[in-house]
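Position 1 is the first residue of the sequence; numbering continues from there. Basis for what follows: all heavy atoms, side chains included, without hydrogens, waters or symmetry-related copies.
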Amino acid sequence: MRRWIATVVTRVGEAGRASTAIPDRTGRVEIRLRITADGSLRDATIERSSGSAQIDARALAAARAASPFGPPPPAVLTEDGTTELSFPLDVSARR
């Protein structure tokens, strides 16, 4: 289970760092992902804003870009066949 979570967090983080980012325009958001049994992203929301609408939008775009993920371990699936992850994400704003 830890490997799956680490993979999701890493993929979203990598998608959130753009080579065209403005170095001093970074922020940390708390993002929540709801992922289905097949690894598809059902929903992504910002739980704690960075204070910048541009950075928050970039975090949500990063989650969509990183999807689909591998299927989550069955032990973490809820009755509706999804799992939720919430984690901090450092994001760079685009030019």
Side-chain angles (χ1 to χ4, degrees):
M1 180 171 12
R2 285 182 182 177
R3 182 186 291 188
W4 180 81
I5 292 170
T7 299
V8 171
V9 171
T10 298
R11 287 183 59 183
V12 175
E14 288 173 351
R17 289 186 290 274
S19 60
T20 59
I22 303 167
D24 61 343
R25 291 284 301 152
T26 61
R28 177 170 278 211
V29 302
E30 182 87 18
I31 191 167
R32 177 176 289 275
L33 307 181
R34 189 160 54 144
I35 301 170
T36 63
D38 69 357
S40 299
L41 180 65
R42 177 170 290 172
D43 190 32
T45 58
I46 300 296
E47 288 195 316
R48 186 174 304 131
S49 174
S50 66
S52 164
Q54 184 182 19
I55 290 173
D56 293 354
R58 179 77 179 128
L60 296 174
R64 288 189 297 273
S67 177
F69 308 100
V76 300
L77 293 174
T78 62
E79 288 183 18
D80 73 349
T82 64
T83 189
E84 291 189 13
L85 292 177
S86 180
F87 54 93
L89 181 65
D90 292 318
V91 182
S92 299
R94 288 187 179 198
R95 288 186 191 262

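The only option from Thr45, Leu89, Val9 that meets the side chain to side chain contact (heavy atoms under 4.5 Å, CB included) definition with Ile31 turns out to be Leu89.
Take Asp38 and apply the salt bridge (Lys or Arg N to Asp or Glu O under 4.0 Å) test, not counting sequence neighbours, and it matches no residue. Annotation: side chain to side chain contact (heavy atoms under 4.5 Å, CB included) contacts of Pro71 (sequence neighbours excluded): none. Taking the salt bridge (Lys or Arg N to Asp or Glu O under 4.0 Å) definition, one finds that Arg64 meets it with nothing, sequence neighbours left out.
Of all the heavy atoms in Phe69 and Ala63, the pair that sits closest is CZ-O, 4.0 Å. Listed here is the closest heavy atom pair of Gly70 and Trp4: O-NE1, 2.7 Å. When all heavy atoms are compared, the tightest approach of Pro73 to Met1 is CG-CA, 3.8 Å. When all heavy atoms are compared, the tightest approach of Ile35 to Leu41 is CG1-CD1, 4.4 Å. Shortest non-hydrogen contact noted between Asp56 and Ser50 is OD1-OG, 2.8 Å. Taking every heavy atom of both residues into account, Val29 and Ser49 meet most closely at CG1-C, 4.5 Å.
Side chain of Arg11 to backbone of Ala66: a donor-acceptor contact under 3.5 angstrom is found.
Using a 4.5 Å heavy-atom cutoff, the side chains of Val12 and Phe87 are in contact. Counting heavy atoms from C-beta on, the side chains of Arg34 and Asp80 come closer than 4.5 Å.
A distance of 13.5 Å separates OG1 in Thr7 from CZ in Arg2, rounded to the nearest 0.5 Å. Expressed to the nearest 0.5 Å, how far CG of Leu33 lies from OG1 of Thr82 amounts to 11.5 Å.
Criterion: ILVMFWY side-chain heavy atoms under 4.5 Å apart, direct or through other members. Under it, Ile46 and Leu85 are part of a common hydrophobic cluster.
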